[in-house]
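Okay, so here's the structure we're looking at.
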2 protein chains.
Amino acid sequence: MSNYNCCNIPRVKHWYDERVTNVFDDPRITAVGLLFEAHAGLSARFNAQLEEHGLSAVEFEVITRLARSPGNQLRMTDLAAQTSLSTSGVTRVVDRMERDGLLTRRACPNDRRSSYAVVTAAGMQRLNETLPGHLQMIEQWFTGQLDPDALAALLDGLRRVRDAAHPCATAGSDDVSPEQVAATDNATRRH
Amino acid sequence: MSNYNCCNIPRVKHWYDERVTNVFDDPRITAVGLLFEAHAGLSARFNAQLEEHGLSAVEFEVITRLARSPGNQLRMTDLAAQTSLSTSGVTRVVDRMERDGLLTRRACPNDRRSSYAVVTAAGMQRLNETLPGHLQMIEQWFTGQLDPDALAALLDGLRRVRDAAHPCATAGSDDVSPEQVAATDNATRRH
DNA sequence: CAGTTATAGTTGCTCAAGCAGTCGTTGGGC
DNA sequence: GCCCAACGACTGCTTGAGCAACTATAACTG
């Protein structure tokens, strides 16, 4: 019963050793396990550092996405598309961050349905306080763990997986300049 | 204001182009962006497939961890350690899955504080129905996206990052055989 | 221009997860 | 053997996020 060696699993490509005795030793399972655990580990590290500055991961992502956008602002919908939040989720995060003085809402002049979330001066300051440590964390736990070649290979592989799997969430404010689009590599682009 | 070119960020190693005009173009940000988006993309794909079989991601992880363990069972605490759930979280997931007939609780004979979560026959069947498609998804959106060399490089990099960053959650039932431990690569091991 | 449809944002409801506190059990120190 | 600290599981409470319903505005169609 414990020897779970079941079911005819279709194997399209055979890049791995065939002699598998247990489904859970399947290298594909191992592969996702690695990716997910790396993600979980980094998330935990980052969250700890962000928490020191009174930010949750989503709040940090929100304020970062806003701060990198022209005018430090984004329409609520675009913010939702860039983050992996629903629009109602964005409403609530912005509620909290507005209450904490990090953001403000600003009416959109052209479209009275829309409103912008804008980073306040206090928000920018908070981000300034948080970012250096965050970058250090990235270097300490991620990029610094590998020599340049290995890192490049890793990032290349990730990019391909991302491009393939990342659900189409092409977002962004309407008036981004072309070079800004080109720069926004890790944003939710590339269909 | 939009040109967020701030703060003296310490750069330990310079594996990337120095000429950065905007903090958010920082290759370290891009790197985590890639990893996180790849994870998010894969998660979304997997969740969709799992949902077809009436399983959430955590439920799938729980039942998988149990099914790969000797006797298809694990003590609640060990299950919590292997998944990224708190013990109360595990209590509730097992509650739900027990209600759905996928798991049962079994009293631990040696220690009356502990109880095992055990996969039922229905649970094993559900897993059998779910796994092939899941493996196909992995191949389609992850491992199949790269040629063997690139995949190996990706996994190698991920392994190092995982080993560095993954928070120490050494778990597992007490009586795992050594070869089983060796096989459990993607489990939460390695100090 | 009127009527319909689509879009932007918010709100009520539900649910999943963590924290802290509780209860029963175990094991170590004396 | 008794006491107390540690442990395992569970429960109440809070929080955060999504879905669906709703309102207001915009755009489209004839």
Side-chain angles (χ1 to χ4, degrees), chain A residues 40 43-44 47-48 50-51 54-63 66 73-100 102-118 167 169-174, chain B residues 40 43-44 47-48 50-51 54-63 66 73-100 102-118 167 169-174:
Chain A
S43 289
N47 287 342
L50 293 177
E51 197 181 6
L55 290 175
S56 72
V58 281
E59 287 165 352
F60 179 72
E61 193 188 358
V62 161
I63 202 169
L66 290 177
Q73 63 182 352
L74 228 40
R75 287 171 42 224
M76 301 291 279
T77 308
D78 296 331
L79 188 53
Q82 286 196 16
T83 60
S84 51
L85 284 173
S86 66
T87 61
S88 72
V90 164
T91 295
R92 262 122 192 179
V93 185
V94 172
D95 280 349
R96 274 174 271 152
M97 297 178 77
E98 191 169 30
R99 172 171 53 75
D100 296 349
L102 302 174
L103 304 182
T104 329
R105 269 173 243 245
R106 179 180 297 163
C108 176
N110 330 350
D111 188 340
R112 302 208 322 209
R113 293 171 302 180
S114 304
S115 60
Y116 286 102
V118 197
T170 309
S173 60
D174 294 333
Chain B
S43 289
N47 287 342
L50 293 176
E51 198 181 4
L55 291 175
S56 72
V58 282
E59 287 165 351
F60 178 72
E61 193 187 357
V62 161
I63 202 169
L66 291 177
Q73 64 181 357
L74 228 39
R75 288 175 38 228
M76 300 292 278
T77 309
D78 296 330
L79 188 53
Q82 286 197 18
T83 60
S84 51
L85 283 174
S86 66
T87 60
S88 72
V90 165
T91 295
R92 262 124 192 178
V93 184
V94 173
D95 280 349
R96 274 174 270 151
M97 295 178 77
E98 192 169 29
R99 173 172 49 77
D100 297 349
L102 303 173
L103 304 182
T104 329
R105 268 172 245 245
R106 179 179 299 162
C108 177
N110 328 349
D111 189 340
R112 301 210 318 211
R113 293 170 301 179
S114 303
S115 60
Y116 285 103
V118 198
T170 309
S173 61
D174 294 333

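Proteins come first, then strands; the chains are lettered A, B, ... in the order of their sequence lines, and each starts at number 1.
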Partners of A:Asp95 by salt bridge (Lys or Arg N to Asp or Glu O under 4.0 Å), sequence neighbours excluded? A:Arg105
If I take atom [atom1] in residue [X] and atom [atom2] in nucleotide [N], what distance separates them, rounded to the nearest angstrom?
| X | N | atom1 | atom2 | value |
| --- | --- | --- | --- | --- |
| A:Asn110 | D:dA27 | CG | C1' | 14 Å |
| B:Arg96 | C:dT14 | CZ | P | 17 Å |
| B:Gln82 | D:dG8 | CD | P | 15 Å |
| B:Leu79 | D:dC7 | CG | P | 19 Å |

Would you confirm whether B:Asp111, through its side chain, and B:Arg113, through its main-chain N or O, come within 3.5 Å as a donor-acceptor pair? yes
Could you list, one pair per line, each protein nitrogen or oxygen that sits under 3.5 Å from a nitrogen or oxygen of nucleotides 2-5 of chain D, together with the distance?
none

Non-hydrogen atoms of [X] and [Y] that approach each other most closely:
| X | Y | result |
| --- | --- | --- |
| A:Leu74 | A:Asp78 | CG-CB, 4.1 Å |
| A:Tyr116 | A:Pro109 | CE1-CD, 4.4 Å |
| B:Leu50 | B:Ala57 | CD1-CA, 4.0 Å |
| B:Met76 | B:Ala117 | SD-CB, 4.1 Å |

Could you say whether A:Pro109 or A:Ser86 is positioned toward the 5' end of DNA chain D, judged by the nucleotide with the nearest heavy atom to each? A:Ser86
Given side chains that start at C-beta, do those of B:Thr83 and B:Val58 come closer than 4.5 Å, heavy atoms only? no
Does the side chain of A:Leu79 reach to within under 4.5 Å of the side chain of A:Val94, using non-hydrogen atoms? yes
Has A:Arg112 got a side-chain N or O lying under 4.0 Å from the OP1 or OP2 atom of D:dA27? no
At under 4.0 Å between heavy atoms, how does the protein contact nucleotides 4-13 of chain C? Give one character per nucleotide, 5' to 3', with B, S or -. --BBSSBBBB
